[in-house]
Amino acid sequence: MPIYDYQCTDCGHRAEVLRKLSDPVLTDCPSCGKASFAKQLSAAGFQLKGSGWYATDFKGGSSTSVPAKTETATADAGAHACGTGGCGSCA
């Protein structure tokens, strides 16, 4: 069940409330009793840290990045069967 942040617009009372997704939104403030208790936007409960969770966790093979092709390498690649544009063994 998610935890929601609520704040009363009249008295300023704040609360974190554990609610089901199917539960109705709370409107009555538990502190002052007025119908001004509103759900607040809050930060997510998890963080993705590190230099690249996709490259290291889900991608098959090595986790090193592929260098970008340059215009020179792309132009020479058409002359070689290997596609590297300068291997010397497939000319």
Side-chain angles (χ1 to χ4, degrees):
M1 285 194 294
I3 298 173
Y4 296 101
D5 291 329
Y6 281 86
Q7 183 173 5
C8 180
T9 56
D10 285 339
C11 71
H13 175 75
R14 300 184 87 189
E16 291 181 344
V17 184
L18 184 67
R19 306 280 291 172
K20 292 181 184 177
L21 292 173
S22 60
D23 288 345
V25 178
L26 297 176
T27 56
D28 295 334
C29 176
S31 180
C32 68
K34 295 183 181 177
S36 57
F37 210 42
K39 193 185 303 186
Q40 301 293 300
L41 184 63
S42 61
F46 68 96
Q47 296 178 1
L48 299 175
K49 293 184 177 182
S51 61
W53 60 272
Y54 173 79
T56 58
D57 292 342
F58 296 105
K59 192 167 119 180
S62 67
S63 63
T64 59
S65 62
V66 177
K69 290 184 179 180
T70 62
E71 289 182 24
T72 306
T74 306
D76 292 339
H80 295 274
C82 67
T84 62
C87 69
S89 62
C90 59

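Sequence positions, counted from 1, serve as the residue numbers for this chain. What you are looking at is a predicted structure, and each value in this text was computed from that prediction instead of being measured.
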- Got a second to check how far S36's OG is from D10's CG, nearest 0.5 Å? 3.5 Å
- If every non-hydrogen atom of G12 is compared with every non-hydrogen atom of Q7, which pair is closest and at what distance? O-NE2, 3.8 Å
- Roughly how far, to the nearest 0.5 Å, is CZ of R14 from OG of S31? 14.0 Å
- Query: Rounded to the nearest 0.5 Å, what separation is found between the CG atom of L26 and the SG atom of C8?
  - Reply: 12.0 Å
- Should K34 and C11 count as side-chain neighbours, where that means a heavy-atom distance under 4.5 Å? no
- CD (E16) and CD1 (I3) are apart, to the nearest 0.5 Å, by 6.0 Å
- Nearest heavy-atom contact between A15 and F37 is CB-CZ, 4.0 Å
- Message: For residues L21 and Y6: do they belong to one hydrophobic cluster (side chain heavy atoms under 4.5 Å, members Ile, Leu, Val, Met, Phe, Trp, Tyr)?
- Response: yes
- Could you pull out the closest heavy-atom pair between Y4 and K39, with the gap in Å? CD2-CD, 3.7 Å
